[in-house]
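Have a look at the structure below before the remarks.
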Number of protein chains: 2
Amino acid sequence: MGSKERIIRQKEDVKCKILTAAWQIVKNEGWQSLSMRKIADAIEYTAPIIYGYFENKEALLVEFTGKGFQNLACHLRAAKAKHRLPAKQLEAMWFAYWSFAFEEQEYYQLMFGVEVYCCEMGMNYPEEDLPWTIFSEVIQQLIDNSNNPKTDVCKKYYTFWSVIHGLICINIVRKGQSDELNQEILKDAITGIIRTITG
Amino acid sequence: MGSKERIIRQKEDVKCKILTAAWQIVKNEGWQSLSMRKIADAIEYTAPIIYGYFENKEALLVEFTGKGFQNLACHLRAAKAKHRLPAKQLEAMWFAYWSFAFEEQEYYQLMFGVEVYCCEMGMNYPEEDLPWTIFSEVIQQLIDNSNNPKTDVCKKYYTFWSVIHGLICINIVRKGQSDELNQEILKDAITGIIRTITG
DNA sequence: TTAAAGTATTTAACACCGTTAAGCAAAGGT
DNA sequence: ACCTTTGCTTAACGGTGTTAAATACTTTAA
């Protein structure tokens, strides 16, 4: 009975439609004005059907958070693949992180709670660790090739992350910063921290 | 007719009660669950009376934002007053900033959009510039006493701010970071940036 | 073919939310 | 005593997330 598969495919299709409709709303009007009823309207259903695919609104947001982290991971790996030297890789990866934050601002806001509350962000799902996993590998390589082989990877990672995430937050919340200034700070910070590793 | 003043005082008293009730709710349950009706319940009135004192909920949040910035400014000035050398002042001020962010976390979240959406944060009210005003003075002094007197104050300020704000955000959103690591990163970042100024 | 079972979808409802307009009751001035 | 103003409440509108009941449709079994 091949119709079983068709039905499953149709069900999957509706789930997909829910996600794309939600995404469209968020892109157009921001996370603030995303509502179950708006999503339902967009896919020409009524609100309760969404609960057949997502337990609640938070589950929907968690789904997006996961996609966001995977999306970011792709960008980071792509940036890394463009270079051979760990220092160059790291630089490119943080610039990719920066670009992701603005090109996919809605993802970034949800992933890191920038003006958006999603849920308790404490290690609930594994994707959250993707950036750390990807970055720490390269940082470790850089440390291994350096003069101070017992440098703490974690500390360096958080130092990088803090500057860049902080700068991103400031730019998103108080829109309209000088781009030249941003780029200067970004470049200085990255090269500065890399220098503290290579020694 | 002295009763006029008493009435004004009573009116002012209600406004105060609204604010303290709202603050209590936020402290206990977070910004997410602050509502006009809850505030009204707490002060034993009905919701619409609040609109006699605040145009809407956003205006109430803006009031808190203002108070938050003034509160922060106090902390910064107090920290500055404890030292004479600009470098020491700056260090103490950023540590005060850090402390404020966690001791008055609800203020901080609202002021800088950490998991909370207040309104368009773009320079709507003057208090937003207080940190910049206070910090830039000290940073300028440090630059004047240094070898590179044409260093950009703005750039240095944003560099400081980015690291510290970023670290704070990460800690608030993903609660449960290592405090030792935080303090290390904080101290390193601050002394590091100061060194880039003094040369 | 038709009755029963199961599934998909909608409608209605609950308990909230911010906000506004209408009503009421007490106080003030004339 | 009447009128006006003020303070406050009730009721309502349109919105939110979410659940239970009712309906329509499809599949299965007799």
Side-chain angles (χ1 to χ4, degrees), chain A residues 1-19 21-26 28-65 110 115-120, chain B residues 1-19 21-26 28-65 110 115-120:
Chain A
M1 201 150 292
S3 67
K4 262 275 159 61
E5 290 172 18
R6 190 203 60 206
I7 289 184
I8 292 176
R9 209 168 52 236
Q10 276 179 351
K11 251 189 95 86
E12 210 54 44
D13 191 52
V14 171
K15 183 168 183 172
C16 184
K17 269 184 183 151
I18 291 172
L19 288 168
W23 190 242
Q24 202 57 49
I25 294 167
V26 171
N28 290 340
E29 310 168 37
W31 288 109
Q32 305 302 322
S33 64
L34 176 68
S35 84
M36 301 302 251
R37 283 179 172 88
K38 269 188 199 165
I39 298 170
D41 273 7
I43 59 174
E44 292 175 303
Y45 276 107
T46 51
I49 66 119
I50 302 175
Y51 292 85
Y53 302 88
F54 298 95
E55 204 187 337
N56 47 34
K57 193 183 179 183
E58 185 178 305
L60 218 160
L61 299 189
V62 169
E63 178 100 6
F64 277 116
T65 309
L110 185 66
E115 288 185 327
V116 178
Y117 182 80
C118 168
C119 44
E120 299 299 325
Chain B
M1 202 144 290
S3 66
K4 263 276 160 58
E5 291 171 19
R6 190 203 59 208
I7 289 184
I8 293 176
R9 211 168 50 234
Q10 277 179 350
K11 248 190 96 89
E12 210 54 44
D13 192 53
V14 172
K15 182 167 184 174
C16 184
K17 269 185 183 150
I18 291 171
L19 287 168
W23 190 241
Q24 203 58 48
I25 294 167
V26 171
N28 292 339
E29 310 168 38
W31 288 109
Q32 304 304 321
S33 63
L34 176 69
S35 85
M36 301 302 251
R37 285 179 171 88
K38 270 189 198 165
I39 298 170
D41 273 7
I43 59 173
E44 292 175 304
Y45 277 107
T46 51
I49 66 117
I50 302 175
Y51 293 84
Y53 302 89
F54 298 94
E55 204 188 337
N56 47 33
K57 193 183 179 184
E58 185 177 306
L60 218 160
L61 299 189
V62 169
E63 178 100 7
F64 278 116
T65 308
L110 186 66
E115 288 184 329
V116 178
Y117 182 79
C118 169
C119 44
E120 301 299 325

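Letters A, B, ... are given to chains in the order of the sequence lines, protein chains preceding strands, and every chain is numbered from 1.
Rounded to a whole Å, the CG atom of Asp41(B) is 14 Å from the C1' atom of dA15(C). Remark: P of dG7(D) and CD1 of Ile50(B) are 16 Å apart, rounded to the nearest angstrom. Regarding Gln32(B), its CD atom lies at a distance of 15 Å from the C1' atom of dC16(C), rounded to whole Å. Between the CD atom of Glu29(B) and the C1' atom of dC16(C) there is a distance of 14 Å, rounded to whole Å. Here dC16(C) presents its P atom at 16 Å from CD1 of Ile39(B), a figure rounded to the nearest Å. Per the geometry, CD1 belonging to Ile18(A) stands 13 Å off C1' belonging to dA8(C), to the nearest Å. When the C1' atom of dT9(C) is taken as reference, atom CD1 of Ile49(A) falls 8 Å away, rounded to whole Å. Atom CG in Leu61(A) sits about 14 Å away from atom C1' in dT16(D), given to the nearest Å.
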When you compare the protein's N or O atoms with those of nucleotides 17-21 of chain C, which come within less than 3.5 Å of each other, and at what distance?
{"unit_1": "dC17(C)", "atom_1": "OP1", "unit_2": "Ser35(B)", "atom_2": "OG", "d": "2.8"}
{"unit_1": "dG18(C)", "atom_1": "OP1", "unit_2": "Met36(B)", "atom_2": "N", "d": "3.2"}
{"unit_1": "dG18(C)", "atom_1": "OP1", "unit_2": "Lys57(B)", "atom_2": "NZ", "d": "3.1"}
{"unit_1": "dG18(C)", "atom_1": "OP2", "unit_2": "Met36(B)", "atom_2": "N", "d": "2.9"}
{"unit_1": "dG18(C)", "atom_1": "N7", "unit_2": "Arg37(B)", "atom_2": "NH1", "d": "2.6"}
{"unit_1": "dG18(C)", "atom_1": "O6", "unit_2": "Arg37(B)", "atom_2": "NH2", "d": "2.9"}
{"unit_1": "dT19(C)", "atom_1": "OP2", "unit_2": "Tyr51(B)", "atom_2": "OH", "d": "2.8"}
{"unit_1": "dT19(C)", "atom_1": "OP2", "unit_2": "Lys57(B)", "atom_2": "N", "d": "2.8"}
{"unit_1": "dT19(C)", "atom_1": "O5'", "unit_2": "Tyr51(B)", "atom_2": "OH", "d": "3.2"}
{"unit_1": "dT19(C)", "atom_1": "O4", "unit_2": "Arg37(B)", "atom_2": "NH2", "d": "3.4"}

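Remark: Lys17(B) engages Asp13(B) in a salt bridge, criterion side-chain N to carboxylate O under 4.0 Å.
The two atoms that bring Lys57(B) and Ser35(B) nearest to each other are NZ-CA, 4.5 Å, heavy atoms only. Here the shortest heavy-atom pairing between Tyr51(B) and Asn56(B) reads CE2-CA, 3.9 Å. Considering every non-hydrogen atom in both Cys118(A) and Leu110(A), the closest pair reads CB-CD1, 3.7 Å. Smallest separation of non-hydrogen atoms from Ala40(B) and Ile50(B): N-CD1, 4.0 Å.
Contact annotation: the side chain of Val26(A) never approaches that of Phe64(A) to less than 4.5 Å [non-hydrogen atoms, C-beta and beyond].
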